[in-house]
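Report on one structure; see the data block that follows.
Because the structure is a prediction, the values reported are computed rather than measured. Within every chain, numbering begins at 1; the chains are lettered A, B, ... in the order of the sequence lines, protein sequences first and strands thereafter.
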Amino acid sequence: MESIKVTLKNGLIKEFTKGTTIQEVAKAISQRLGKEALVAKWNGKIVDLSAKLEQDGELEIYTFDDDEGKEAYRHSSAHILAQAVQHLFPDVKFGIGPSISNGYYYDFDTEHVFTPEDLELIEKEMNKIIKADYPFERQEVPREEALQLFEKSGEKYKVELIRELPKDAIISIYKQGDFLDLCAGPHVPSTGKIKAIKLMNLAGAYWRGSEKNKMLQRIYGTSFAKKSQLDEYLAKLEEAKKRDHRKLGTQLGLFSIQEEGPGFPFFHPKGMVLRNQVEDFWREVHRKWGYLEIKTPVILNRSLWERSGHWDHYKENMYFTKIDEIDYAIKPMNCPGAMLVFKTEQHSYRDFPIRMAEMGLVHRHEKSGVLHGLMRVRSFTQDDAHIFMLPSQITEEIKNVISLVDYIYSIFGFKYRVELSTKPEKAMGSDEIWEQATDALRQALEEKEIDYTVNEGDGAFYGPKIDFHLEDSIGRDWQCGTIQLDFQMPEKFDLTYIGEDGQKHRPVVIHRAILGSIERFIGILIEHYAGAFPVWLAPVQVKILPITDRQHEYAEELKKRLVSGGIRSEVDYRSEKIGYKIREAQLEKIPYMLVIGDKETEEGKVSIRKRAEGDIGSSTVSEFVNKITEEISEKLV
RNA sequence: GCUGAUGUGGCUCAGGGGUAGAGCAGCGCACUCGUAAUGCGCAGGCCGUGGGUUCAAAUCCCACCAUCAGCUCCA
């Protein structure tokens, strides 16, 4: 019998009989791998374990520990979900059912409206399917046959998908028991491989993600190789929910959103302290980095917005008002105002780059269904800046902004993800200009050696952009920073500078925001720190806890001393037991508690309790003041 | 905007055609206490809003508003 050489991941070369399946190879390597193997990569292609090896090649076998394994595992779980739904609701038509980052989903079209109770039933049915251990069988079929097959069963969505596949595509279907689906694969060997499943939630989802199409019902689920992993994942989700900024925001008295102002957040005194700390820091850094600060009006004449292009490109997101019968708009962006400021003076090429920052309050009409705490609101403050410069300064200046973003995020301890967004459908300007602008951004990213992904067609209407994304507590990511190159506004507003040659020239403009929206950034801060802010940000930095009423006078004196040293301090004067006061300060997540009893009063000391560490012993008042002052100025996390 | 769910004191939630409930928080009194909950008492609600059905609606029906999950869209 002919034999072939198989090169394994660790470089080892083994010989097998031609036609051996990957499953058999896995078993031959080790019993454990034979059991845990899910899919494999054979000569660069991801395939089923049932694939037969017909020539020499490289083989990598994946288990649930590999991303490729997880993906197939979840994808197979989605097929089991679909099969279960078909058993219970035979009229169902199938959309798509891919694996996603923490699980999978499947979209269904059926008269029946799924309820949470249905999820339990479906889950039971899925477990039956798993127990039956149906093998996943792959079959490649000619295009015509596939079309006939799905047309016959009325699977109009599948038919649509097949029609759009390229002419030469290999069309494969997978069958498990009485269920059959159009699918490129690969899949795990059989339904029995799936161990722990859980259906998470129900939601509507448009067919192929377009508002114009019918809304299907989507069921989200997850699955794991072990029950313990599933439990761990569910516990993690629970933990993340406790960090939700909306929950912590009310608990800690930071902000509220009320029916009277959907999407218009109210900041409470403690939330304002947090906000002002962030803004003070921002101002200080921007001064050091050579920015000037301006403030432009919230309401401006219609003609300005017509000139800027917002009237044509952004109208559905804007609010309007009339003053003395004349149309005005509430600004949705700060740029036109900044352009007007720029135009009030003549500029020389020697002045460039001019970095003009603005904490600008903008209003945008967001659709009602998208509002989300502080993360997605209708009125927010952008930490905007417009940088006016010579075309030759573009790359250097973008790199400069990238460094500033990196520095500011590092102070808060954030990790971030970078995206480059290119020309959208609804755009102003020629393809050449867009190309040139996009290249400038790309070049800056590459020179800074920053990893980024490209988001085609997602740029602003006036130019391409680099976006910086931060993650919230349950892994959703939110755009915060953005750098946008703009060749349009300078044209529209006829911006000029006097060059070396004494002639007028056109400057280039960068729009950029780093925190993005102060509101959103604060939402992310709350979740990032789980409400336990570092001392420099904490609304109350020190809580003084007298043990009995006898220490009230000393407490008052102590508070005065701390407050005069710029430390945000409060005293708990209630006649409660010390344990009670500590518990409360702890729940308020106050970084330092100073316990004072007769002993401390006599010695002029304080007993320090740290939020995270508990009792750390006593020290003199000045020692404590020095320590905390240093911690505040260093912005220690 | 779309699909589905939810809306009861400041907060978390129970009740589900016949006089609105609990815990926590708040206030008062007593206790003066050493590192995560002292006890007793008192207040507090147009049951999201507007219509309807009914002798009677927090409860059933309709519309609207808001919130939540997701989709679409976005900082």
Side-chain angles (χ1 to χ4, degrees), chain A residues 105 107 113-116 118 200-220 241 244 246-247 250-251 253 256-263 314 316-317 332-333 360 362 364-384 421 458 460 465 467-470 474 476 478-482 484 511 513-521 523-524 545-552 574-587 593-600 607-611 613-618:
Chain A
Y105 68 78
D107 287 344
V113 176
F114 292 128
T115 64
D118 290 335
M200 305 300 289
N201 47 29
L202 276 167
Y206 298 108
W207 167 238
R208 317 199 82 178
S210 168
E211 247 178 317
K212 294 183 190 91
N213 291 337
K214 182 167 183 187
M215 182 166 272
L216 310 180
Q217 297 186 67
R218 175 172 297 178
I219 298 179
Y220 284 90
K241 266 195 208 154
D244 190 312
R246 292 166 299 186
K247 200 174 175 107
T250 33
Q251 265 167 23
S256 64
I257 295 176
Q258 324 223 11
E259 286 210 13
E260 288 80 352
Y314 210 72
E316 61 280 16
N317 283 301
M333 293 188 195
V362 297
R364 297 183 186 175
H365 179 68
E366 298 292 343
K367 291 179 184 171
S368 61
V370 306
L371 302 177
H372 182 91
L374 292 179
M375 304 295 202
R376 190 78 184 268
V377 292
R378 286 179 171 153
S379 137
F380 57 100
T381 308
Q382 287 184 311
D383 66 316
D384 223 334
S421 297
D458 211 31
K465 55 182 187 163
D467 290 329
F468 298 82
H469 295 252
L470 301 177
I474 53 172
R476 287 179 288 213
W478 296 93
Q479 186 187 318
C480 288
T482 181
Q484 309 178 346
H511 308 248
I514 293 178
L515 311 177
S517 128
I518 304 295
E519 289 75 5
R520 174 178 294 181
F521 193 76
I524 291 179
L545 309 176
I547 289 174
T548 75
D549 296 355
R550 287 193 300 280
Q551 292 87 36
H552 282 188
R574 295 171 308 174
S575 47
E576 290 291 347
K577 282 168 64 174
I578 193 64
Y580 183 86
K581 293 183 184 179
I582 286 169
R583 180 186 149 80
E584 221 153 77
Q586 200 74 41
L587 291 175
M593 283 156 254
L594 299 182
V595 175
I596 51 171
D598 286 334
K599 204 167 70 184
E600 288 77 10
S607 217
I608 306 169
R609 187 187 162 95
K610 282 188 87 165
R611 176 177 61 199
E613 282 125 86
D615 192 352
I616 58 166
S618 69

- prompt: On a plain distance test, is the side chain of Y206(A) in donor-acceptor contact with the base of G70(B) below 3.5 Å?
  reply: no

Taken to the nearest whole Å, NZ/K247(A) to P/U12(B) is 7 Å

Q217(A) atom CD is separated from A5(B) atom P, nearest whole Å, by 10 Å

- Would you mind classifying the nucleic acid contact of G209(A) as base, sugar-phosphate or nothing, using non-hydrogen atoms under 4.0 angstrom? sugar-phosphate

- Item | Polar pair under 3.5 Å, donor/acceptor by atom type, side chain R376(A), base C73(B) | yes

Under 3.5 Å donor-acceptor, D615(A) side chain and R609(A) backbone:
no

- Task: Look at the side chain of R364(A) and the backbone N and O of P332(A), then say whether any donor-acceptor pair between them is shorter than 3.5 Å.
- Result: yes

CG (L515(A)) and CD (Q382(A)) are apart, to the nearest 0.5 Å, by 11.0 Å

In whole angstroms, the gap separating P of U3(B) from CG of D107(A) amounts to 16 Å

Here the gap from I596(A) atom CD1 to T548(A) atom OG1, rounded to the nearest 0.5 Å, amounts to 9.0 Å

**Report entry** Distance, P atom - from A75(B) to C2(B), rounded to whole angstrom
**Finding:** 23 Å

Item checked: C1' spacing across the pair A43(B) / C27(B), given as an integer number of angstrom -> 7 Å

Base, sugar-phosphate, or nothing: which does Y220(A) touch, judged by heavy atoms less than 4.0 Å apart?
sugar-phosphate

Between the OH atom in Y206(A) and the CD atom in E211(A), the distance rounded to the nearest 0.5 Å is 5.0 Å

Y105(A) atom OH is separated from C71(B) atom P, nearest whole Å, by 9 Å

dist K577(A):NZ -> R583(A):CZ (nearest 0.5 Å) comes out at 13.0 Å

Please check this pair: side chain of Q586(A) against backbone of R611(A), looking for a donor-acceptor N/O pair closer than 3.5 Å. yes

* Asked: Rounding to the closest angstrom, what is the interatomic distance between G10(B) and G34(B) at atom P?
  -> 36 Å

task: Looking at every strand, decide which applies to R609(A) at a 4.0 Å heavy-atom threshold: base, sugar-phosphate, or nothing.
output: base

Applying a 4.0 Å non-hydrogen cut-off, can you work out what N317(A) is touching in the nucleic acid: base, sugar-phosphate, or nothing? nothing

Phosphate contact (G1(B) OP1 or OP2) by S368(A) side-chain N/O below 4.0 Å: yes

Inset, instruction - Indicate whether OP1 or OP2 belonging to A36(B) is found under 4.0 Å from a side-chain N or O atom of Q586(A). - result: no

Taken to the nearest 0.5 Å, the spacing of S379(A) OG from E366(A) CD works out to 11.0 Å

Check: Which value, in whole Å, describes the distance between the C1' atoms of nucleotides C71(B) and G9(B)?
Finding: 36 Å

Closest to the side chain of F380(A), out of C73(B), A75(B), U3(B), is A75(B)

Legend entry - Distance between C1' atoms of G26(B) and G45(B) (Å, rounded): 15 Å

CG (L374(A)) and CZ (R246(A)) are apart, to the nearest 0.5 Å, by 10.0 Å

Open item on the list: Over all strands shown, is I547(A) touching base, sugar-phosphate only, or nothing at heavy-atom distances under 4.0 angstrom?
Closed with: base

Original post:
Can you find a heavy atom in the side chain of D598(A) that is under 4.5 Å from one in the side chain of Q551(A)?
Top reply: yes

task: Identify whether the distance between the nearest side-chain nitrogen and carboxylate oxygen of E584(A) and R574(A) falls below 4.0 Å.
output: yes

(message) Should the side chain of E600(A) and the base of G34(B) be counted as holding a donor-acceptor pair, with the cut-off at 3.5 Å?
(response) yes

*Identify whether any heavy atom of K465(A) sits under 4.0 Å from a base atom; if not, whether one sits that close to sugar-phosphate; answer base, sugar-phosphate or nothing.*
sugar-phosphate

Please check the phosphate of G28(B) (OP1 and OP2 only) for any side-chain N or O of R574(A) closer than 4.0 Å. no

| query | NA contact type, R378(A), heavy-atom cut-off 4.0 Å: base, sugar-phosphate, or nothing? | reply | nothing

Sugar-phosphate, base or nothing in reach of E576(A), heavy atoms under 4.0 Å = base

Rounded to whole Å, CD of E613(A) lies from P of U35(B) at a distance of 18 Å

K581(A) atom NZ is separated from A36(B) atom C1', nearest whole Å, by 14 Å

Would you measure the distance from the P atom in U54(B) across to the matching atom in C42(B) and give it in whole Å?
42 Å

Assert: residue with more 5' nearest nucleotide on RNA chain B, out of A205(A) and Y314(A), is A205(A)

Taken to the nearest whole Å, CE/M375(A) to P/A69(B) is 11 Å

L545(A) CG to U35(B) C1', in whole Å, measures 9 Å

Worksheet item: What does G516(A) touch in the nucleic acid at a heavy-atom separation under 4.0 angstrom: a base, only the sugar-phosphate, or nothing?
Response: nothing

Output field dot_bracket for RNA chain B (Watson-Crick or G-U, both distances under 3.5 Å, | for other-strand pairs) contains (((((((..((((....[..)))).(((((.......))))).....(((((..]....))))))))))))....

| task | Using a 4.0 Å heavy-atom cut-off across all strands, classify Q258(A) as base, sugar-phosphate, or nothing. | result | nothing

Classify the nucleic acid contact of L371(A) as base, sugar-phosphate or nothing, counting any heavy atom under 4.0 Å across all strands shown. sugar-phosphate

Exercise. Scan N201(A) against the nucleic acid and name what it touches under 4.0 Å (heavy atoms): base, sugar-phosphate only, or nothing.
Key: sugar-phosphate

Check: U35(B) base within 3.5 Å donor-acceptor of S607(A) side chain: yes

Testing G70(B), C71(B), A75(B) for proximity to the side chain of A203(A), the answer is G70(B)

Closest of G1(B), C2(B), U35(B) to the M215(A) side chain is C2(B)

| query | Base, sugar-phosphate alone, or nothing: which one does R550(A) contact when heavy atoms must sit under 4.0 Å apart? | reply | sugar-phosphate

- Message: Distance check, P atoms only: U67(B) and C11(B), in whole angstrom units.
- Response: 15 Å

Below 4.0 Å: OP1/OP2 of U35(B) and any side-chain N or O of R583(A): no

For C24(B), take OP1 and OP2 only and decide whether either is under 4.0 Å from a side-chain N or O of Y580(A). no

Of the candidates A36(B), G1(B), G7(B), the side chain of E259(A) sits closest to G7(B)

Exercise for the section: Would you indicate what K599(A) reaches in the nucleic acid, counting non-hydrogen atoms under 4.0 angstrom: base, sugar-phosphate, or nothing? Expected result: base

Hey, mind stepping through Q217(A) and V113(A) against side chain to side chain contact (heavy atoms under 4.5 Å, CB included) and telling me if it holds? CA-CA 8 Å; Q217(A) 297 186 67; V113(A) 176; 4.2 Å; yes

Worksheet item: Is any side-chain N or O of E584(A) under 3.5 Å from a base N or O of A25(B), one able to act as donor and the other as acceptor?
Response: no

Is a donor-acceptor contact shorter than 3.5 angstrom present between the side chain of S575(A) and the base of C31(B)? yes

Fill in: Interatomic distance at P, C13(B) relative to C55(B), whole Å
37 Å

Under 4.0 Å: is that the gap between some side-chain N or O of H372(A) and OP1 or OP2 of G70(B)? no

